[in-house]
Amino acid sequence: MPLLKLENVTKRFGGLTAVNHVSLEIDHGEFIGIVGPNGSGKTTLFNVISGVYFPEEGSVIFDDLDITLLPPYKRAPLGIGRTFQIPRPFGSASVRENIAVGAMFGTLSGKVSVDESLQIADQTIERVRLQEHRDKPAGTLTPVEKKLMEIARALAMKPKLLLMDEAMAGMHPNDIDQMVAFIKQIAVEEKIAIVSMVEHIMRAVVGMAEKVIVLHQGSKIVDAPTKEALEDPKVVEVYLGHPPEE
Amino acid sequence: MKKEITKYYPLIPVFAAYLLLFLIGRNISGMWQLVAMLLFYCALGQAFNIFLGMTGYVDFGYVAFMGIGTYGMALAITKLAHIEGLGIGIIIIGFILALLMSTLLSVAVGAVALRLRGAYFAIATIGVNEGFRFLIEGARIWNGSEGLIFTAQLNEILGREAASSLMTYWADIMVLIIAALAAFVTLYYMRSKIGYALTALREDEDAAKVMGINVTKYKIIAFITSACFAGLVGATSWALKTPYVFPPEVFEIHYTIEAIIIVLLGGAGTLLGPVAGGLIYGISKYYLAIFMPGFQLLIFAPIIIIIIVLFPEGVVGMLKYRLKDSALARFII
Ligand SMILES: Nc1ncnc2c1ncn2[C@@H]1O[C@H](COP(=O)(O)OP(=O)(O)OP(=O)(O)O)[C@@H](O)[C@H]1O
Ligand SMILES: [Mg+2]
């Protein structure tokens, strides 16, 4: 049984079809890269999975439960954590408090106390190495630090599925390698399925992924093990704008 | 256990300010009137802060909760005055009724308006107080536009002397207690999940939802709590202090505006802010009216604008930032 299953999901904004009949499956602990150029519908797909938008067609099944129309706040505790393409910290709250919010509200039992949450936050802060920023208002972090904080905030939710929207954008290549290794490690140790969205075929991200899904103008055009996906002529066409030369 | 106590340290400056006010009022002759006014503004700020400050939502109809609380107390006194032997109990019943009525009204308003976001919420609440006033006047509820006057009943129940000391002294003490209680509840919320949820939704409502926060639930909690305190302030400052109630007076949007100014001046969402805001606002208003009668608004408005521009986080917000690495930090939030 897959962890997440999308069946024929379509999301439109007025006349624009941002996500067009997309079906896909993600297994427990899998690391998946979703690649697609600007405006191909990656963020919208995340928004449909995390409940920010409801799709016009199709269904979203998580852990055998139909969550297509479930409000977002009920999805998080089931085990869906995410980060945002443009970081969305709770700016006036400290890094520690931000992460504690994840533990407090994003876990299934719903019974994690404030003190326990703060403890979990401290542990998570160490894992992402944000110790020196612990008590700063999250709004004052650099964009890269904010992304790290968002990952920590999502991890504190003990998710089964972690959706990362361009989490590595703007990072130094060395940091990206480290980050990807860290995420890969989490995926293995805690059996968290990771879906990482990237605009370009980022070597580091895609290289780690077991499977690559390519979106183009809202439709899924490729869904295959990484090596195969990268050699697919459709992918080359999307990124180079012409079919590969014979 | 020790940790539990240190959590409540930030109440010390708040309570100290109230104690100081009380002492000044008691010991310096002629000051009680000013102190009473300051207590009213502090209580109003403290009450409104629980909603405006903690959620970031602006409720322009807020005064309606004070008005309805005033009616709660007024109704208890006018309708139950004939029952023998109630004595001071009638005031307790009045408070209960004030709480009940402001809760009901806030549930009704909240259920509709809190579905709206940000500015849309603010716009939707603009007419609430006026609407309620017209309802009372038009449908002749609770004696319609003639209002309720219950000085005679108070004199009868409590005796002339006790009634008079209630109006000129004990009502103000009750306002002080309500303000202190509101501060306590504010801090309790801040330290609990409710506070974390409210901060999150104030900063970014969509992100808060995705983090598992039932934002509607927490907004309603803050709204009802804030409305209840407004009801208590109305029941005390407006019904007990001046034993009559007329719809145009208690549904006057002017008080909502004052409450907004106090919260913003002091620092929205901070614990000490409403005290600072209430004092700055009340003192300036009082003395400007004495020294520059007629011109007070002309001077007052720019002062308020300057303070808010200089300290967008409010006076306490600024203090908090300045003192964040000092020993005082844990007292000022
Ligand atoms: N709330 C919205 N209202 C209207 N149109 C939207 C909305 N959100 C997204 N879109 C449109 O849907 C399409 C897909 O956008 P989406 O943000 O999902 O793409 P993306 O793959 O994440 O792109 P990027 O690489 O720029 O992040 C775009 O044409 C975008 O303009
Ligand atoms: Mg995007």
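The sequence lines fix the lettering, A, B, ..., with proteins before strands; numbering per chain opens at 1.
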Do any of residues 116-132 of chain A come closer than 4.5 Å to chain B, heavy atom to heavy atom, and if so which ones, in number order?
Leu118(A)

Winner by heavy-atom pair count (cut-off under 4.5 Å) against chain B, out of Met157(A), Arg88(A), Glu150(A)
Arg88(A)

Count the heavy atoms of every other residue, nucleotide or ligand shown that sit under 6.0 Å from CD of Glu313(B), and state whether that count exceeds 12.
no

Set of side chain to side chain contact (heavy atoms under 4.5 Å, CB included) partners for Glu97(A), sequence neighbours left out
Ala93(A), Ser94(A), Tyr196(B)

Write out, in numerical order, the residues from residues 205-213 of chain B with a heavy atom short of 4.5 Å from a heavy atom in chain A.
Asp206(B), Ala207(B), Ala208(B), Lys209(B), Val210(B), Met211(B), Gly212(B), Ile213(B)

Run the ring-centre check on Tyr73(A) versus Tyr218(B) and record whether the distance is less than 6.0 Å.
no

Non-hydrogen atoms of chain B under 4.5 Å away: do they reach the side chain of Arg75(A), the backbone, both or neither?
neither

Can you sort out the partners of Lys160(A) under side chain to side chain contact (heavy atoms under 4.5 Å, CB included), two or more places apart, ordered by chain and number?
Leu3(A), Phe62(A), Asp63(A)

I need the residue from Gly91(A), Gly102(A), Ala156(A) with the largest number of non-hydrogen atom pairs under 4.5 Å to chain B.
Gly91(A)

So which residue, Ser92(A), Gly139(A), Pro77(A), Ala76(A), ends up with the most heavy-atom pairs under 4.5 Å with chain B?
Ser92(A)

What do you reckon, is CG of Leu104(B) surrounded by more than 12 foreign heavy atoms closer than 6.0 Å?
yes

Given that the side chain runs from C-beta out, which part of Arg191(B) has a heavy atom under 4.5 Å from chain A: side chain, backbone, both or neither?
backbone

Does atom OH (Tyr321(B)) have a neighbourhood of more than 12 heavy atoms from anything else shown, all under 6.0 Å?
no

Does a sphere of radius 6.0 Å around NZ in Lys191(A) hold more than 12 heavy atoms from other residues, nucleotides or ligands, not counting ones at 6.0 Å or beyond?
no

Can you establish whether the number of heavy atoms outside Arg115(B) located under 6.0 Å from its atom CZ is more than 12?
no

Could you tell me the separation between the CG atom of Leu198(B) and the CZ atom of Phe90(A), rounded to the nearest 0.5 Å?
12.0 Å

